[in-house]
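We count residues from 1, following the sequence as given.
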Amino acid sequence: QVHLVESGGGLVQAGASLRLSCAASGRTFSRYTMGWFRQAPGKEREFVSSISWSGGNTIYADSVKGRFTISGDNAKDTVNLDMKSLKPEDTAVYYCAAVEAYSGRVYAGVNAYRYWGQGTQVTVSS
């Protein structure tokens, strides 16, 4: 069992930057693929980014490519999402997710992930 806790959300103006962090606890000695998703009011949860356990593989949604950067710190059992040039359409609850994985795999599908955090709100004003 893995417990995930997100932090770093808040209210910012368009163009600003934020760093989201996800702290993992529990059976973190295992290898996990980590992901970030977001859900805006009235919309389905959507993929943002994913990183392999080794950090060697990353993928991003087209909507955030070039603006968001995912990174992991295995020593601290954390994964971060650095967001810059934020837009009002980035407003959503951001969720951290994890799944046991091997061979550097990354996943974009919601159903690929087994563990989820409670989410952190990001609001970008225009």
Side-chain angles (χ1 to χ4, degrees):
Q1 187 74 20
V2 173
H3 184 58
L4 304 173
V5 178
E6 303 94 337
S7 62
L11 171 63
V12 297
Q13 290 188 332
S17 299
L18 271 179
R19 164 174 273 203
L20 304 184
S21 294
C22 173
S25 61
R27 297 187 61 183
T28 52
F29 58 85
S30 298
R31 298 186 176 187
Y32 291 92
T33 288
M34 304 297 293
W36 283 98
F37 290 76
R38 65 187 182 186
Q39 188 166 17
K43 295 187 177 181
E44 293 188 352
R45 193 168 297 189
E46 66 173 7
F47 170 74
V48 175
S49 184
S50 177
I51 187 169
S52 60
W53 179 85
S54 66
N57 292 328
T58 58
I59 54 173
Y60 297 91
D62 288 343
S63 60
V64 306
K65 200 172 294 183
R67 298 188 298 122
F68 291 12
T69 303
I70 191 170
S71 61
D73 186 339
N74 289 334
K76 297 181 179 179
D77 291 328
T78 61
V79 61
N80 300 310
L81 185 69
D82 289 295
M83 309 183 294
K84 65 179 182 181
S85 302
L86 283 162
K87 305 174 181 180
E89 49 263 45
D90 294 319
T91 295
V93 177
Y94 282 71
Y95 296 91
C96 177
V99 64
E100 296 90 342
Y102 304 92
S103 302
R105 291 179 181 177
V106 289
Y107 306 102
V110 171
N111 294 330
Y113 291 84
R114 183 176 180 185
Y115 306 102
W116 291 86
Q118 293 300 305
T120 185
Q121 176 71 47
V122 173
T123 303
V124 184
S125 63
S126 57

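- Separation of atoms NE2 (H3) and CG (D77) is listed at 13.0 Å; rounding is to 0.5 Å.
- Closest heavy-atom contact between N57 and G104: ND2-O, 2.5 Å.
- Transitive grouping of hydrophobic side chains (ILVMFWY, heavy atoms separated by less than 4.5 Å) keeps V79 and F37 in distinct clusters.
- Classification of K87 and D90 as a salt-bridged pair fails, no side-chain N sitting under 4.0 Å from a carboxylate O.
- For the atom pair CD (Q121) and CD (Q39), the distance works out to 11.0 Å, reported to the nearest 0.5 Å.
- Minimum interatomic distance between S85 and R67 (heavy atoms only, all atoms of both residues): O-NH1, 3.0 Å.
- I59 and I51 fall into different hydrophobic clusters, where Ile, Leu, Val, Met, Phe, Trp and Tyr are joined by side-chain heavy atoms under 4.5 Å apart, directly or via other members.
- Residues W36 and C96 form a side-chain contact, since some pair of their non-hydrogen atoms from C-beta on lies under 4.5 Å apart.
- Put simply, the side chain of T91 gets close to the backbone of V124: a donor and an acceptor are under 3.5 Å apart.
- Taking CZ of R45 as the start and CH2 of W116 as the end, the distance is 5.0 Å to the nearest 0.5 Å.
- No option in I70, L18, V122, V64 other than I70 meets the side-chain contact (heavy atoms from CB on, under 4.5 Å) test with L81.
- Counting only distance, with no hydrogens or angles, the side chain of N74 and the backbone of S54 share no donor-acceptor pair below 3.5 Å.
- For the atom pair T78 OG1 and L20 CG, the distance stands at 12.5 Å (nearest 0.5 Å).
- The shortest non-hydrogen separation linking V106 to S52 is CG1-N, 3.4 Å.
- The local environment of NZ in K43 is sparse, with at most 12 non-hydrogen atoms from other residues, nucleotides or ligands closer than 6.0 Å.
- Judged by distance alone, the side chain of E6 and the main-chain N or O of Q118 form a donor-acceptor pair under 3.5 Å.
- Taking OH from Y115 and CD from E100, the interatomic distance works out to 4.0 Å, rounded to the nearest 0.5 Å.
- Identified under the side chain to side chain donor-acceptor pair (under 3.5 Å) test for residues 13-23, with sequence neighbours left out: R19-D82, S21-N80.
- Smallest separation of non-hydrogen atoms from A92 and A40: CB-N, 3.8 Å.
- Residue pairs meeting the ring-ring contact (aromatic ring centres under 6.0 Å, His included) criterion with at least one partner in residues 54-95, sequence neighbours excluded, do not occur; the list is empty.
- Take E89 and apply the salt bridge (charged side-chain N to carboxylate O under 4.0 Å, His left out) test, not counting sequence neighbours, and it matches no residue.
- Within a 6.0 Å radius of CD in E46, more than 12 heavy atoms belonging to other residues, nucleotides or ligands are found.
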Could you give me the CA-CA distance, side-chain angles and deciding distance for L4 and M34, then say whether side chain to side chain contact (heavy atoms under 4.5 Å, CB included) is met? CA-CA 10 Å; L4 304 173; M34 304 297 293; 4.0 Å; yes

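- Taking all atoms of both residues into account, the shortest heavy-atom contact from Y32 to A98 is CD2-CB, 4.2 Å.
- Considering all non-hydrogen atoms of both residues, T33 and A101 come closest at OG1-CB, 3.0 Å.
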